[in-house]
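Per chain, numbering begins at 1; letters A, B, ... match sequence-line order.
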Protein chains: 2
Amino acid sequence: MNTYSIGEVAKMLDISISTLRYYDKEGLLNSVERTAGGIRIFKDKDINQLNMVECLKNTGMQLKDIRTFFEWCEEGDSTIPQRYQMFLNRRKDIEKQIEVLQNSLDLVNYKCEYYALAAKEGTVNTPKLQFLKNRAVKSSDYVKHVVGEN
Amino acid sequence: MNTYSIGEVAKMLDISISTLRYYDKEGLLNSVERTAGGIRIFKDKDINQLNMVECLKNTGMQLKDIRTFFEWCEEGDSTIPQRYQMFLNRRKDIEKQIEVLQNSLDLVNYKCEYYALAAKEGTVNTPKLQFLKNRAVKSSDYVKHVVGEN
DNA sequence: AGGAACCCTAAACTTGACTTTAGATTAAGG
DNA sequence: CCTTAATCTAAAGTCAAGTTTAGGGTTCCT
C-alpha cells in the first residue's frame, strides 16, 4: 500500500494543501492516518475518497452532504437505503442540470452564429441578423424564450 | 409596451424582490426606469434582460461578467468582437461542464445499480456486487477512475 | 546536532451572491 | 385626507468554500 504526504496528494489531484486540510477539518477525510508527530499520511483509500469528493462536488453537492454520505458508509449495511436514495436523487439532479446547460448551450450557439455574422458585417443592424433570429426562434423553445436584442 | 412593478416581476420570474434590487445595484438592470418618486418601472426589455441574466448565470458566469457583457451591448457595434469571443468562450465552457456532468452521471448510474442490488441483498458484501463493479469498470474510464468501495 | 523543507493548528479573512433589518417614502383606494 | 400595501435605500448579516496569516512543530539529510 502506497502512502503520500499532503503535498504529494495536492500535486497528484491538483487540490491545494489548504483545501485538503479544510476537507479534513470538515470530516471528509475521516480515515487519514497520522505519524506520531501528527503529520498526515494518505493512503490509496484516501485518494479514492478524494476522487469521490471531487465527483460529487462536480454534481453540485455540498460538502456537508458528502460528509453525511461517508458517515453512512462507515455505519455499514444499515444505511444502504439512504445511500441508494441519495444516488437516485443525485441522478435526477444531474439530469436536470444537463438539461439546463443544454438549453443554455442552444442559446449560446445561436449567439455565436449571430455574432459571427455581426462581426463580418461590422454591425448588429442588418437584415441578415433578423433572418437568423427568426430561424433560431422557430427551432428552440428556450432560445425563443430568452433571446433578446444582443 | 407593458410595464411591471418589482413585485410583479419577482413573481413572474420567480426571483426575490431583494435579488432584483441587488441585480440593479450590481449594474445588471441599467435600463429600468423610475417614477418621479423613485419607484422602479420594469418594461419588457428589462424582463428580457433578466432572462438573459438567468441564462448566463446557469452557465456559471459571474454577475460582474454578465454586467460587462451588458455594458458592451450599450457601447454599440465597436464591441462586437468582445461579445463574439465571450460567447465562444461560453460555449467551450458549457461543453466542458456537460462533459464533466456526464462523467459524474455515469458513475452515479453505476452507484444506483450497485445500491439497488445491495438494497435487495441487504448487504454490500456479496459477490454479485463485485461482478457489477468489474463490468462498470470495464465500460467507463471515469467510473474506473473514481469508483471506490462505497 | 543543525538547518532546509515540509507539515501542523487556530483563527481571521475573502469572495460571490444573496438576505435581512431598520427606518423612511410613495402610490392607490375609499 | 388618510390609511395601507408596496416600495425605497443603506448597511449589516449569512453561507459555502476556501485562503491567508501567525506562530510553531517534524523529518530528513549530512
So, OP1 or OP2 of C:dC18: does either fall under 4.0 Å of a side-chain N or O from B:Ser16?
no
Once you apply a heavy-atom cut-off of 4.0 Å, does B:Thr19 come out as touching a base, just sugar-phosphate, or nothing?
sugar-phosphate
B:Thr35 side-chain N/O to C:dT26 phosphate OP1/OP2 under 4.0 Å:
no
To the nearest Å, give me how far apart CD1 (A:Ile66) and P (D:dG18) are.
9 Å
Minimum-distance pair of heavy atoms, taken over all atoms of A:Leu101 and B:Ile94:
O-CG2, 3.7 Å
Closer to the 5' end of DNA chain C via nearest nucleotide, is it B:Gly37 or B:Lys64?
B:Lys64
Has A:Ser18 got a side-chain N or O lying under 4.0 Å from the OP1 or OP2 atom of D:dT20?
no
Taking 4.0 Å as the cut-off, does a side-chain nitrogen or oxygen of B:Arg21 come that near to OP1 or OP2 on D:dT7?
no
Could you check whether any side-chain heavy atom of A:Leu50 comes within less than 4.5 Å of a side-chain heavy atom of A:Phe42, counting everything from C-beta outward?
yes
According to the interplanar angle, ranging from 0 to 90°, do the rings of A:Phe69 and A:Phe87 count as parallel (below 30°), tilted (30 to 60°) or perpendicular (above 60°)?
perpendicular
Looking across every strand, which nucleic acid part, if any, lies under 4.0 Å from A:Lys25 by heavy atom: base, sugar-phosphate, or nothing?
nothing
What's the CG-P distance between A:Leu20 and C:dC8, to the nearest Å?
10 Å
Salt-bridged, A:Glu121 to A:Lys128, with N to O below 4.0 Å?
yes
Write down the distance between CZ (B:Arg40) and P (C:dT25), rounded to a whole number of angstrom.
17 Å
Residue whose nearest DNA chain D nucleotide is more 5′ - A:Lys57 or A:Ile39:
A:Lys57
To the nearest Å, how far apart are B:Asp65 CG and C:dA17 P?
9 Å
Just how far, in rounded Å, is P of C:dT19 from OH of B:Tyr23?
8 Å
Please report the closest heavy-atom contact between B:Asp77 and A:Val124, naming both atoms and the distance.
OD1-N, 3.2 Å
What is the separation between atom CD on B:Glu26 and atom P on D:dT9, rounded to the nearest whole Å?
14 Å
Determine: side-chain N/O of A:Arg67 to OP1/OP2 of D:dA16, distance under 4.0 Å, yes or no.
no
If I take atom OH in residue A:Tyr22 and atom C1' in nucleotide C:dT15, what distance separates them, rounded to the nearest angstrom?
13 Å
Nucleotide of D:dA16, C:dC7, D:dT7 approaching B:Ser5 most closely (side-chain heavy atoms):
D:dT7
Separation of D:dA16 C1' from A:Met61 CE (nearest whole Å):
15 Å
